[in-house]
Protein chains: 2
Amino acid sequence: MSSTYHHGDLYRQALEQAQALLHEEGAAAVTLRALARRLRVTAPALYRHFRNRDSLLAALAEHGFLELRQQLLAVQRDDALERLTGIGQAYIAFAQAQPNLYRLMFGGQLLPRGAHPDLDAAGLGAFAVLQQSIDDALDAGYLNGQPAGPLTAAAWSLVHGFAELTIDGHLPDEQQAPGLAALVTRLLLPGGPPSHHDNTL
Amino acid sequence: MSSTYHHGDLYRQALEQAQALLHEEGAAAVTLRALARRLRVTAPALYRHFRNRDSLLAALAEHGFLELRQQLLAVQRDDALERLTGIGQAYIAFAQAQPNLYRLMFGGQLLPRGAHPDLDAAGLGAFAVLQQSIDDALDAGYLNGQPAGPLTAAAWSLVHGFAELTIDGHLPDEQQAPGLAALVTRLLLPGGPPSHHDNTL
DNA sequence: GCGCAATGTTAACGCCGTTAACACGACATC
DNA sequence: GATGTCGTGTTAACGGCGTTAACATTGCGC
């Protein structure tokens, strides 16, 4: 009399174990059958909760974007420019702490856009934090009043690129020093009204 | 009497067809069996030329890095700073022209580093072009004499990040205007001796 | 207490990477 | 020219995968 024929909350546990699998072994290891084995359930059972494997991966990526957004929102500084650089560093820290998750979020496996609307929305939500903090910095007179659009694109490109290159080991070792992330996030920002942040390297 | 029991140059044709498959349908579609079907050959035949599927993908990525290097080397400008921005734009153009190849090169499927030495070497070869052009710009008095290491990391991060974000559709549409690539590649560079390149947006 | 909907299992399909055993044929050696 | 060897192809088979259809069990509303 297996008292757990009905598992109870397979959906939640599946997400948790899938996150563990992703974190430990990468997206390729997030297999419906492997996940089912971990949960002591047969593979087709998972189809009651996920349309297919891609939907499961999309759900993981979506959670990743939601978590990233929260970590960016948690950066609080008085000065708008300091907050912007802090956000950049938090972004990089997120990617370095969970490289497999980050690769799933940006690896391009879940394309095309529109296939997973919730995922797209979560991605925009994270992007919005960065965008807002740039607007705030501009309002505070920083960034030489450059147009917000290209600035945002450049800022995101910089942190995203640095995050990916470091977690994939593409940058030479000496350029992976812990402090470099901070340095890089400041290179883009050639000053503004208060001068307590020169690019004094 | 199939006159082509011995195929002749299966290795070269396999690489070509694999490139086509990759370009048209992405890395997931580059399957040994699908490739064998295209070549009118059985799947195990490919194991005479590639250790396994990963080696095939690594060979494709390696060719990508070699081609990228050539395209960067082909950028010739008199002014060192102009050449640097030209290289950034050529880099982005490469990624946008062959998104599936670019994702394979940087998607992190071929890790860990050291698993495919030829691939690692080719990657470093492409990186070296960028590094050299930054050294040249510094020698010409540009970039405010900032340290070369972080500068290189930041420059590569910027172009790599922008390339990936655009080919994956993460940037809002208005920020994908053709000219934006040029703009972004200049944001990083706050001038130098000659002033014919302000950040006049 | 009954019935239905939710949620699990079993069995099976085709595709995949990979390996072992075998077959063909070009090319060197005698 | 016969012969043997080695490179390169085929055949057959294994297990793992995503996925589906059919069936089984259970909890919950009436």
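Reminder, nothing fancy here: chain letters follow the sequence lines and each chain counts from 1. Small disclaimer: the values here were computed from a predicted structure and weren't measured.
Nearest-nucleotide positions on DNA chain C place A:His49 closer to the 5' end than the other of A:His49 and A:Arg33.
The side-chain hydrogen bond (donor to acceptor under 3.5 Å, both in side chains) with B:Tyr102 is formed by just one residue from the set B:Gln96, B:Glu164, B:His160; it is B:His160. Residue A:Gln98 is tested with A:Gln19, A:His23, A:Glu67 for a side-chain hydrogen bond (donor to acceptor under 3.5 Å, both in side chains); the sole match is A:Glu67.
D:dG27 atom P lies 14 Å from atom CG of A:Asp9, rounded to whole Å. Across the protein-nucleic acid pair, B:Leu32 atom CG and D:dG9 atom P stand 14 Å apart, rounded to whole Å. B:Leu57 places its CG atom 12 Å from the C1' atom of C:dG17, with the value rounded to the nearest Å. Nucleotide C:dT18 holds its P atom 10 Å from the CG atom of B:Leu56, rounded to whole Å. The distance between atom CZ of B:Arg40 and atom P of D:dG9, rounded to the nearest whole Å, is 16 Å. To the nearest angstrom, C1' of C:dG8 lies 13 Å from CG of A:Leu39. The CZ-C1' distance, from A:Phe50 to C:dT7, rounds to 14 Å in whole Å. With rounding to whole Å, A:Arg51 atom CZ is found 14 Å from D:dG18 atom C1'.
Across all strands, B:Arg37 comes closer than 4.0 Å only to sugar-phosphate atoms, never to a base (heavy-atom distances).
Checking C:dG17, C:dT9, D:dC17 against every side-chain atom of B:Thr31, the shortest atom distance belongs to C:dG17. When distances run from any side-chain atom of B:Arg48 to the nucleotides C:dT18, D:dT10, C:dT9, the shortest one goes to D:dT10. Picking from C:dT18, D:dT11, C:dT10 the nucleotide with the shortest atom distance to the side chain of B:Thr42 gives D:dT11. When distances are taken from the side chain of B:Arg53 to each of D:dG18, C:dA11, C:dG17, the shortest belongs to C:dG17.
Among residues at least two apart or in separate chains, salt bridge (Lys or Arg N to Asp or Glu O under 4.0 Å) pairs with a member in residues 13-37 of chain A are A:Arg12-A:Glu16, A:Glu24-A:Arg38.
B:His170 NE2 to A:Leu124 CG: the interatomic distance, rounded to the nearest 0.5 Å, is 8.5 Å.
For the residue pair B:Gln132/B:Asp136, the side-chain donor-acceptor check at 3.5 Å is satisfied.
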